[in-house]
Protein chains: 2
Amino acid sequence: MSKDKPVENETGKTGTDFMHGLAIDAVIFGFHDHQLKVLLMRYNRTGVVALPGGFIHKTEHLNDAANRIVSERTGLNDIYLEQFYVFGDYGRSDPQPMKDVLTANNIKHDDNHWLLQRFISIGYYALVDFTKVVPRPDTIFDSCDWYDLTNIPRLMQDHNSIIQKALVSLRADLDNKLIAFNLMQEEFTLGDLQILYETILDKKLLRPAFQRKMLSLGILERVAKKWTGAAHKAPYLYRFSKNL
Amino acid sequence: MSKDKPVENETGKTGTDFMHGLAIDAVIFGFHDHQLKVLLMRYNRTGVVALPGGFIHKTEHLNDAANRIVSERTGLNDIYLEQFYVFGDYGRSDPQPMKDVLTANNIKHDDNHWLLQRFISIGYYALVDFTKVVPRPDTIFDSCDWYDLTNIPRLMQDHNSIIQKALVSLRADLDNKLIAFNLMQEEFTLGDLQILYETILDKKLLRPAFQRKMLSLGILERVAKKWTGAAHKAPYLYRFSKNL
DNA sequence: TTATTATTGTAACATATTGTTACAATAATA
DNA sequence: TATTATTGTAACAATATGTTACAATAATAA
C-alpha cells in the first residue's frame, strides 16, 4: 500500500514478483454533482485512457491485491469492493496501446514482455466517497482523474465493456445489498440519497415510496442537526447506522 | 472438447499449452430423487476427492474453457454455466494431496511442478439434467460421480467452501434468472418444480402461491399429455418454453 | 409581523403482490 | 359407487408498493 514512489519492480522487465497472465481491473465509482463518476488513468503523451489496474504479488491474497490497487489510486482505506466478473476472452487485450505507453516511458521491451502477453482480468468495482478521494497516478499512466460515466472516452482494450458490466452489476446489487451509502458522504438527506438511486438506476423514483422504503430498512440514523438551507422546510440529515 | 483418451500434454511436465497459475473449478449441480447432487472426482488410490476442474489453453476463451471442462466430465453440450467467484487467497491450495495424486499416477514432478504451484481459481457453477449426464473421469482422477450435497466428504484444497459459495450464488440467482429449469428433465410437473425449489432454498413453499408465481412467469408451456399415476388427480406436465 | 414560496415528512388511499384457506375436480382403488 | 390422495384454482387476508394530498417548516418579501 505504498503511496510513495512506485518501485522499479512494478514495471521492470522481468516482473518476477507478480503472477503472470492475471490482472485486476478496478471500476472505481464516485458520485458528485448529480453524476456517477469513474476514476480513469491517462497517459498524456499517447492519450491512452484506461481503468486503474494492477497485478497480484506472488504471495498476496487476490482480494488484498484489489484493495491495494484501489487504495493506491484513491488514497483511501476500507473501501467497498466487489468482484463482479472475470474477463478472459482470448484477444481481448490489443497489446498496441500498452506497447506505445512502454515505449513512451522508455521501458525496454520486446513482444514477449509480460505486459504485452495475454491477460485474464478480474473485474472489481469499488464504491467510494468522492470527496475523500485524492486521485494518484501510477507508474505507467501519468494522470488519474474522474470522468462522468456518461462521457467516457474510448478506452484501452475492452475497458469500456468492463465499465458497462460493472454498472449492470452495481444496479443488480443495489436492491439486495445495502451499498449505495458507500457513495455518499457521512451525512446526507433522503433527497440526496434518492438522486443517487435515480442516477444509478437511470429512472425517476417517487419520493414518498422511496423515503418509506429507505427508512423501513432500519439502517438509517437520523442526526439531530438539520440542514442549513434555502427558503423552505429543512430536510433531516441521516447517517448510515453501523449498529446492524 | 475431446471425449477420447486424454492427451499427455494435460498432465505433462511442462504444461506449456496451458496458462499457468490459473484454474477453473466447476460445481456441477444435478437434481435427483429429491436431492441436489454435485459431481465430484475421486482418486481411488489415495481417496482424494475434488471438484472437476481444468486449465485454460493459451489461446482459448475463458468461458470456452469452462464449457469444455464441464462437457468433458458430463458428456453434455450447451450447459448452463455461471461464473460466480474467483478464489485467490494465497495458500488456499495445499499442494500435498495433488502431490500424492501425481506420485500415485507415476507423473514425474518436483516441488516446482506447475500443478503444485499457487493457483487462482475461477469458480463456475453448472446446472445440468441429471438423467442426461454420463460422468467421465479425467486424466488425474480415476472416478467421477454424483454426491448428495448434504453428504459431501472433506475435499481437496478449499473445494468445500467453493461448493458453499456456489450454493449461495445459485440461491441468489434463482429468483432473478430463470435457471431452475436447467436442473429438470424436459417435461415436469409443477410439483416436481416445487420440490426442486424447496430443496435448493431449503425451505417449504406454499403450493398455491408457488404455482401462481411459476405460471405467471409466462415461460411454462402446458403439455397436453398427463401423468400416469396413482390414486388421485393427475398433474399436468409442463415444459420450459423457448418462445421467450 | 405576516403572507408567500418551495420543499420536506408523512398520512391516507389505491393498486399490486404475496400468503393462506378452502374446495371442486379428478384417478386410481376398494 | 364410495373412498382416498392430490391437483388446479378460486377467494380472501395480509403486505408491499404506487400515488395523491396536505400540514409543517425556513427563508424571503411585503
Honestly, is B:Arg222 close enough over B:Tyr236, meaning NZ or CZ under 6.0 Å from the six-membered ring centre and within 45° of the axis?
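Checked: cation-pi criterion met.
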
Give a yes-or-no answer on whether the side chains of [X] and [Y] include a donor-acceptor pair shorter than 3.5 Å.
X        : Y        : answer
A:Tyr90  : B:Asp64  : no
A:Ser161 : A:Asp158 : no
B:Thr131 : B:Asp129 : yes

The criterion is ring-ring contact (aromatic ring centres under 6.0 Å, His included); which residues satisfy it with B:Tyr197, sequence neighbours excluded?
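Listed in chain order: B:Phe210.
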
Separation of [N] [atom2] from [X] [atom1] (nearest whole Å):
X        : N      : atom1 : atom2 : value
B:Lys233 : D:dT6  : NZ    : P     : 14 Å
B:Tyr236 : C:dT26 : OH    : C1'   : 10 Å
B:His232 : D:dT7  : NE2   : C1'   : 9 Å

In degrees, rounded to 10°, what is the bend between the two ends of the helix from C:dT1-D:dA30 to C:dA30-D:dT1, using five pairs at each?
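Between the axes fitted at each end of the helix from C:dT1-D:dA30 to C:dA30-D:dT1 lies an angle of 20°.
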
From C-beta outward on A:Arg222, which listed nucleotide comes closest to its side chain: C:dA27, D:dA26, C:dG9?
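Side chain of A:Arg222 sits closest to C:dG9.
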
Is a salt bridge present between B:Lys37 and B:Asp148, judged by a nitrogen-to-oxygen distance below 4.0 Å?
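Yes.
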
Salt bridge or not for A:Arg92 and A:Asp89, using N-O below 4.0 Å?
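Salt bridge absent between A:Arg92 and A:Asp89.
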
Near DNA chain D, under 4.0 Å by heavy atom, which residues of residues 203-215 of chain A?
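A:Leu206, A:Pro208, A:Ala209, A:Arg212 - these, ordered by number, are the residues of the stretch whose heavy atoms sit under 4.0 Å from the strand.
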
Using side-chain heavy atoms (C-beta onward) and a distance below 4.5 Å, is B:Glu187 in contact with B:Tyr238?
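No, too far: nothing below the 4.5 Å cut-off.
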
